[in-house]
Amino acid sequence: MTDAKKTPAADKPASTLNLPDTAFPMRGDLPKREPGWVQQWNAQEGEEGLYKRLRDARAGAPLFVLHDGPPYANGKLHIGHALNKVLKDMIVKSRQLAGFDAQYIPGWDCHGLPIENAIEKLHGRNLSRDDMQAKSRAYATEQIGQQREDFKRLGVLGDWERPYRTMDPANEAGQIRAFKRVIERGFVYRGLKPVYWCFDCGSSLAEFEIEYQDKKSETLDVAFETDDATKLAAAFGLPALPAGQSAFAVIWTTTAWTIPANQALNAHPELRYALVQTEKGCLVLAESLVDKCLERFGLTGQVLATTVGAKLGGLNFRHPLYDVDAGYRRLSPVFIAEYVSDSDGTGIVHSSPAYGVDDFNSCIANGIRYDQILNPVQGNGSYAADFPLFGGLHIWKAVSVILEALKNAGRLMATVSITHSYPHCWRHKTPVIYRAAAQWFIRMDEGEGVFTQDKAPKTLRQLALDAIDQTAFYPENGRARLRDMIANRPDWCISRQRSWGVPVPFFLHKDSGELHPNTMAILDQAADIVEAGGIEAWSRVTAEEILGAADAPHYTKSTDILEVWFDSGSTFQHVLRGSHANAYAVKPYHESGPEADLYLEGHDQHRGWFHSSLLLGCALYDRAPYKGLRQAKWVPRCKPRCASPPTPKTPPCCAAWART
């Protein structure tokens with residue numbers, strides 16, 4: 001055998017390919033090279049960073065403003081943060097390359113429950129207000145420093161040395177001044193009404209903070225015995241009820257814990273109701289639901305007569321625990337209400353006005369005073385200690401006890417477990433309830449506000465809907481999403497019973513509950529105090545220092561704070577027009593207020609930052625604070641098994657999800 005013929009040097013690839021001559025190294029060496037890149041991007045001592053050089057290169061050019069939606073100063077970055085900031089960076093850089101002075105001022109949300117929750121996990125839940133505020137400010141400062149360095153490593157260019165933070169005293173004061181202006185325009189009022197309440201937060205929640213998840217509940221049909229059999233018979237056109245038989249109105253509900261606080265029943269004026277004779281007495285039921293109800297109760301029956309709901313108005317029925325404890329020896333009158341239907345249940349709705357919006361409105365419309373409304377559920381979810389039969393029990397644990405009490409009283413007709421969609425706190429993922437509380441609201445429709453001085457030309461709902469028509473949406477389907485939310489949303493509850501946030505600087509009369517007559521001047525004073533020393537300075541101020549020795553004994557200083565969506569939603573005012581107004585070569589002002597070219601966030605912010613910014617822009621200036629909205633949305637690109645977008649806790653099963 002002979003040796004294989006050797007390949008001539010001329011036949012080797014290196015001598016037959018035209019390869020570029022570059023300075024790129026053969027190896028990536030990312031851990032070694034990345035610090036050098038970051039150093040080149042950012043300003044060093046005695047040098048200008050890349051962002052400053054870009055600003056100088058575009059001095060005098062047309063301005064492009066992408067106002068940053070502030071992430072919470074809470075926790076390490078995750079893929080959502082990275083995608084959010086990188087998308088914004090791509091847009092800003094593309095506008096820069098197109099010849100615009102495209103500035104990027106990053107920001108952070110620093111107040112609110114996410115920060116307080118983190119502090120409570122670290123230090124417990126019984127901190128004083130001063131301690132909570134001090135620890136929250138220190139924690140947020142630490143988190144911002146950590147997040148900022150990570151954002152820089154992503155290559156995102158911005159004014160990282162001078163970001164905006166909602167906890168900066170100037171911004172906190174700016175928020176109080178914005179709040180004052182919303183008051184002047186007639187949008188703010190105080191009201192007692194049911195609002196979403198989270199037991200874990202220990203505070204009311206806004207619509208923005210609610211998500212729906214499945215919840216297992218016990219349904220129950222409960223019988224309310226008539227207090228006057230003769231009047232009930234007459235309502236059905238009968239001379240009398242069958243001899244020896246009791247009569248009951250039967251309700252159906254999924255919230256057993258509301259039964260102890262029942263104060264009324266509701267019937268629809270035009271629905272037909274039947275009086276059905278059964279083995280357990282005569283039952284009042286919607287005529288169309290008689291067969292389903294009897295089957296559910298395990299009874300047989302005969303319809304004795306029918307009538308319309310309007311005939312039942314004014315009849316009285318006894319609380320189902322009337323004979324069990326003297327604390328329940330009260331009557332439930334029948335009110336006529338349009339919201340009642342015969343789509344399910346029994347066609348009669350029980351009303352606990354403290355725990356439902358429709359119930360509340362019905363009872364108030366029918367003469368029940370605010371001070372007559374029963375509200376035994378405390379902020380922590382337990383009944384008041386002195387509440388009959390169930391005092392001290394948490395409402396979720398009390399359900400079985402209530403069912404047993406109703407059963408023993410002979411008033412439980414049926415109970416079934418179901419799984420249904422139910423509102424949850426989007427932070428704690430726990431069920432919430434409606435709970436009546438005196439809160440501060442921003443009104444969406446016509447009505448009187450406190451200290452109105454410059455009434456807006458239209459309602460806030462009308463202004464916001466008009467502003468949506470003037471806004472560009474990318475993609476266009478975001479317009480319908482935001483429009484539907486604005487068209488159907490209730491008044492905005494803006495007060496919270498927490499410590500770490502911008503104060504509602506009000507003083508309320510101890511007897512009448514009225515605001516101090518100098519409230520508008522006090523708001524200016526509060527803003528000056530906060531601007532000089534932060535919200536902590538206002539917390540230390542006493543009523544005597546503000547009101548004087550004569551008035552102070554008669555007034556209580558409010559401890560409420562403005563909810564965090566008011567914080568982030570008002571940043572266009574105290575950032576674009578306030579703390580960073582001088583950063584822009586041409587101020588981003590519309591003829592009637594500050595205006596960004598673009599807001600970009602995830603599609604969930606149609607109910608969050610897009611939403612609150614729109615409402616406050618219209619409340620202050622009759623227009624949106626942005627020209628356009630761009631939504632980033634997770635879109636599936638593979639098999640159906642990728643049923644939902646990835647989150648920090650549940651990463652994608654493959655590379656199938658992309659954010660667009």
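- Side chain of D131 to main chain of Q133: no donor-acceptor pair is present (N/O by atom type, distance under 3.5 Å, no hydrogens or angles).
- Aromatic rings of Y434 and Y196 (six-membered ring for Trp) have centroids within the 6.0 Å cut-off, being under it.
- Residues I115 and C110 come closest through the heavy atom pair CG1-O, 3.2 Å.
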May I have the step-by-step check of side chain to side chain contact (heavy atoms under 4.5 Å, CB included) for T430 and C198, ending in yes or no?
-> CA-CA 8 Å; T430 52; C198 173; 4.1 Å; yes
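- Checked by atom type and distance alone, the side chain of R443 pairs as donor or acceptor with a backbone atom of E448 at under 3.5 Å.
- Residues T254 and K215 are not in side-chain contact: their nearest non-hydrogen atoms beyond the backbone lie 4.5 Å or more apart.
- With respect to E211 and K429, a salt bridge is recorded, a charged nitrogen being found less than 4.0 Å from a carboxylate O.
- In this structure the side chain of Q470 never reaches within 4.5 angstrom of the side chain of R623, judged on heavy atoms.
- Comment: D528 engages R177 in a salt bridge, judged by a side-chain N to carboxylate O separation of less than 4.0 angstrom.
- Counting non-hydrogen atoms of neighbouring residues, nucleotides and ligands closer than 6.0 angstrom, the CD atom of E476 exceeds 12 such neighbours.
- I546 CD1 to K557 NZ: the interatomic distance, rounded to the nearest 0.5 Å, is 7.5 Å.
- Taking the ring centre of W500 as origin, the terminal cationic atom of K135 falls outside the region bounded by 6.0 Å and 45° from the ring axis.
- Put simply, the side chain of Q143 gets close to the backbone of G75: a donor and an acceptor are under 3.5 Å apart.
- In this structure, F387 and Y383 have parallel ring planes: the angle between them is below the 30° cut-off, well short of the 60° mark.
- For the salt bridge (charged side-chain N to carboxylate O under 4.0 Å, His left out) test with D622, the passing option among R185, K455, K458 is R185; the others fail.
- Sparse packing is recorded around NZ of K121, with 12 or fewer heavy atoms of other residues, nucleotides or ligands lying under 6.0 Å away.
- E601 places a side-chain N or O within donor-acceptor distance of the main-chain N or O of G69, the cut-off being under 3.5 Å.
- Scanning both residues, L113 and C201, for their nearest heavy atoms gives CD1-SG, 3.2 Å.
- Donor-acceptor pairing under 3.5 Å is recorded for the side chains of T542 and E545.
- Between the side chains of E338 and H268, at least one donor-acceptor pair of N or O atoms lies under 3.5 Å.
- Between N74 and D109, the closest side-chain pair of non-hydrogen atoms is not below 4.5 Å.
- Using the six-membered ring where Trp is involved, Y599 and F610 have ring planes that are tilted, between 30° and 60° apart.
- The nearest pair of heavy atoms linking I176 to P505 is CG2-CG, 4.2 Å.
- For the residue pair Y621 and Q573, a side-chain donor N or O sits within less than 3.5 Å of a side-chain acceptor on the partner.
- Remark: the backbone N or O of S382 is paired with a side-chain donor or acceptor of N380 at under 3.5 angstrom.
- Under the 3.5 Å distance criterion, with hydrogens and angles disregarded, no donor-acceptor pair is assigned to the side chains of Y164 and D68.
- Under the 3.5 Å distance criterion, the side-chain polar atoms of S612 are matched with a main-chain donor or acceptor of G608.
- A donor-acceptor pair under 3.5 Å is formed between the side chain of R479 and the backbone N or O of I468.
- Counting heavy atoms from C-beta outward, M520 and E184 have side chains that approach closer than 4.5 Å.
- Paired with R190 under the rule side-chain contact (heavy atoms from CB on, under 4.5 Å), one option of L508, V504, V450 passes, and it is L508.
- For W609 and H67, the ring centers are positioned less than 6.0 Å apart.
- Closest heavy-atom contact between P353 and Q263: CG-OE1, 3.3 Å.
- Scanning both residues, L620 and A178, for their nearest heavy atoms gives CD2-O, 3.6 Å.
- Contact of the V502 side chain with the F566 side chain is not registered, since no non-hydrogen atoms from C-beta on lie closer than 4.5 Å.
- Around atom CG of N126, no more than 12 heavy atoms belonging to other residues, nucleotides or ligands sit under 6.0 Å away.
- The minimum heavy-atom distance between N117 and H428, with the atom names listed, is ND2-NE2, 3.4 Å.
- Looking at D491 and Y189, their side chains do bring a donor and an acceptor atom within 3.5 Å of each other.
- Side chain of E172 to backbone of I535: a donor-acceptor contact under 3.5 angstrom is found.
- A parallel orientation is assigned to the rings of H554 and H509, their planes being inclined by less than 30° (bins at 30° and 60°).
- A donor-acceptor pair under 3.5 Å is absent between the side-chain atoms of H350 and the main chain of L265, judged by distance alone.
- No side-chain heavy atom of D567 sits less than 4.5 Å from a side-chain heavy atom of M167.
- The backbone N or O of G379 sits less than 3.5 Å from a side-chain atom of W197, completing a donor-acceptor pair.
- A side-chain donor-acceptor contact under 3.5 Å links Q439 and S495.
- Among I183, L523, V188, the single residue meeting the side-chain contact (heavy atoms from CB on, under 4.5 Å) criterion with F451 is I183.
- Looking at Y339 and N266, their side chains come closer than 4.5 Å, going by heavy atoms from C-beta outward.
- Comment: D130 does not engage R540 in a salt bridge, judged by the lack of any side-chain N to carboxylate O separation of less than 4.0 angstrom.
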